[in-house]
Number of protein chains: 2
Amino acid sequence: MTTPLSHPTVTQKDVAKLARVSQAAVSRWTSGRGYVAADVRERIEKAVSELGYAPHPLAQGLSSGQSDIVAIVMANITNPWYPVVLERITQALQALQLQVLLFNATPPQSVDDVVPDVLRYRVRGAIITTAALSSTAAQQFVERGIPVVLFNRTTRTGGVHSVSCDNTDGGRTAADTLIKSGARHVAFLGGSSESSTSTDRLRGFTQQLHEWDRTLVATVEGEFTYEWGFQAIQKLMEAHPEIDGIFCADDEIASGAMDALRYNMGKRIPEDIRILGFDDHPIAAKAAYQLTTIRQPVEDMIQQSIDLLLHGEIAKPSTQLLKGQLIVRGSV
Amino acid sequence: MTTPLSHPTVTQKDVAKLARVSQAAVSRWTSGRGYVAADVRERIEKAVSELGYAPHPLAQGLSSGQSDIVAIVMANITNPWYPVVLERITQALQALQLQVLLFNATPPQSVDDVVPDVLRYRVRGAIITTAALSSTAAQQFVERGIPVVLFNRTTRTGGVHSVSCDNTDGGRTAADTLIKSGARHVAFLGGSSESSTSTDRLRGFTQQLHEWDRTLVATVEGEFTYEWGFQAIQKLMEAHPEIDGIFCADDEIASGAMDALRYNMGKRIPEDIRILGFDDHPIAAKAAYQLTTIRQPVEDMIQQSIDLLLHGEIAKPSTQLLKGQLIVRGSV
DNA sequence: CTGTTAGCGCGTTCAC
DNA sequence: GTGAACGCGCTAACAG
């Protein structure tokens, strides 16, 4: 029995001919929509496996207007938290027979820059894990009926869903944790001041500090990188040597701060100074850091995102806020 | 002046009607192939900008058989070296107006599992950054004329290109570096024994050790993870307490080993024991590790990969081997 | 239940 | 140079 496994492009027409049915019947079979009698189905299935037929998703999309491609717009792939996000998302999507088209929006490129491209592809939906997109860009999606989910970002922009950790609540937890561990003079080492992620965390932190009748000694904002955390902490400590507790907007910043503190300034953690991060990314668990942090519920966030993408109503944008979880290690 | 910016799906036909030319003329204009008179071109361009027309890549692909999508198959996104690879690749590809379709091949899923999917999409080419694919899978690509580049993996499989660091050479450098720094009893902490990456590094290491009249005290192989490095080093040191120099198959393993050595076994690095890694991923530069390592020439590797993808001949598979560079920090 | 017909948006002959 | 006509692989009406 010869197996002509993979000749160049076998189409529905080929299957139809071999099975002696119409091409439309084959289409009904592949799509699962419409009726196909038992004997016809058998002949089709036989032909399909004989020819090694596989539907062409791009052609399917063209005629149905329904793509099975989901766009993911990312900027901070280098920040170790995002790879885990990306990995989980692609896995979840692949399990649903959806494919991931990846768009990079690293600094020279902004989210708005790549929007035209993702639009051109008539994607099924878009997950955006980077700075909030402009309202005009958002509108482009809405007009075309393409669902958008902002991941790890909140927004007031109309028409787009958003899923993120309850950063304000996390900020409060951070304050409690730091104070209870004995910190008396605390500061905040933020990420970008334009990201809701950073500002929300700061807000909750400040609020809760207030509850304890403590005030924030200092706040510095920059970017979500190791390097920035490393530099910023030094200036911060010069200006405010009394600081003995620091809440960092994410674990990357925290790891930079810890390294500067330990290896450049000879501080002990947590004896001299307590450090708290956010995310719980892979590095936080390493023995060299043992960073106490607030873990984002990645799995749930992804599940929600995909749910909204597939079943959410564009007309009623939803904002999901999931609680983070304090992971106690050795840095407080 | 009304700007009907983004009505649902404006096509070549719409442009043609507005410009009072044929749809074929518009097609020639967008593709740049074929002749278009000056006045016609002007009318088209005017209509295009008025309507905000953008070609539909999927339809382009359908009729031309040429896709502008490149598949990237990855497994180890969580290993910090790969995100930087992914970031660079997507940037380079996007600059060329090519889009990235990402496929995840994490353990339950193997490369061969996702091959059918990437095939279905009639992609322009595929870059595979994970375990070598089976020869039957490779053949599927060849039959369809889809160029494949194995990134960071070598192969004897026919029809696929491969770009990687000269791992054998890197292994030799590792031996030299360790020995010159005074190590007398060296061991190798490998990654997966099935990856050419790990075995090539080991081979060069062993060879060069031989040149120095030294033998390898021990070799252990497992996986390219922090956790494995952390555990493996402990067993290794129990069995061979005399070890004072270790070459790790990658920086992830090395960081795990360093942590275990320092925080579980009270060893000093590099005084008591010297550690050498491979890759030069972000963590290696952190103050907490200061890992001496062999940097892979990522930029060049990516450039070569894309070159082969776009201009390489499938009939003559090419194997590129690029030299790594020793980055001296504090761990030897 | 099935086959026929007509598109989806675009590239590509081939006459004019 | 240009446009009419056809086909890429598939879905979605429509009659029968």
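Please read all numbers here as calculations on a predicted model, not as lab measurements.
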Approximate separation, where rounding is to 0.5 Å, of [X] [atom1] and [Y] [atom2]:
X        : Y        : atom1 : atom2 : value
B/Tyr121 : B/Ser67  : OH    : OG    : 11.0 Å
B/Arg88  : B/Leu93  : CZ    : CG    : 14.5 Å
A/Leu308 : A/Thr319 : CG    : OG1   : 9.0 Å
A/Gln99  : A/Gln94  : CD    : CD    : 6.0 Å

Item to complete: Verify the neighbour count for atom CD of B/Glu45: are there more than 12 heavy atoms of other residues, nucleotides or ligands below 6.0 Å?
Response: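 Yes, enclosed.
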Discussion item. Within residues 25-37 of chain B, which residues have any heavy atom lying less than 4.0 Å from an atom of DNA chain D?
Written reply: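 Per residue number, the list reads B/Ala25, B/Arg28, B/Tyr35, B/Val36, B/Ala37.
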Worksheet item: Checking all strands, does A/Gln12 fall into the base, sugar-phosphate, or nothing category for heavy-atom contacts under 4.0 angstrom?
Response: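 Contact class for A/Gln12: base.
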Practice prompt. Using a heavy-atom cut-off of under 4.0 Å over every strand shown, decide if B/Gln23 touches base, sugar-phosphate, or nothing.
Written response: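 Base contact - B/Gln23 has a heavy atom under 4.0 Å of at least one base atom.
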Counting just side-chain N and O atoms, does [X] come under 4.0 Å of either OP1 or OP2 of [N]?
X       : N      : value
A/Ser22 : C/dG3  : yes
B/Tyr53 : C/dC10 : yes
B/Gln60 : C/dC10 : no
A/Ser64 : D/dT11 : no

Rounding to a whole Å, what distance do you find between [X]:[atom1] and [N]:[atom2]?
X       : N      : atom1 : atom2 : result
B/Lys13 : D/dG3  : NZ    : P     : 16 Å
B/His56 : D/dC8  : NE2   : P     : 19 Å
B/Leu58 : C/dG11 : CG    : P     : 12 Å
A/Lys17 : D/dG9  : NZ    : C1'   : 15 Å
B/Arg43 : D/dG1  : CZ    : P     : 15 Å
A/Leu62 : D/dG9  : CG    : C1'   : 9 Å

Worksheet item: Taking NZ, NE, NH1 and NH2 as the nitrogens, is one of them in A/Lys46 or A/Glu42 under 4.0 Å from a carboxylate oxygen of the other?
Response: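 No, A/Lys46 and A/Glu42 are not salt-bridged.
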Item to complete: For B/Ala24 and for B/Arg122, locate the closest nucleotide of DNA chain D by heavy-atom distance; then report the residue assigned to the nucleotide nearer the 5' terminus.
Response: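 Closer to the 5' end of DNA chain D: B/Ala24.
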Item to complete: Take B/Ala59 and B/Asp39, find for each the nucleotide of DNA chain D with the closest heavy atom, and name the residue whose nucleotide sits nearer the 5' end.
Response: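 Final value for this comparison: B/Asp39.
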Worksheet item: When you check the side-chain N and O atoms of A/Arg153 and A/Ser164, is any donor under 3.5 Å from an acceptor?
Response: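 The answer is no; no qualifying pair exists.
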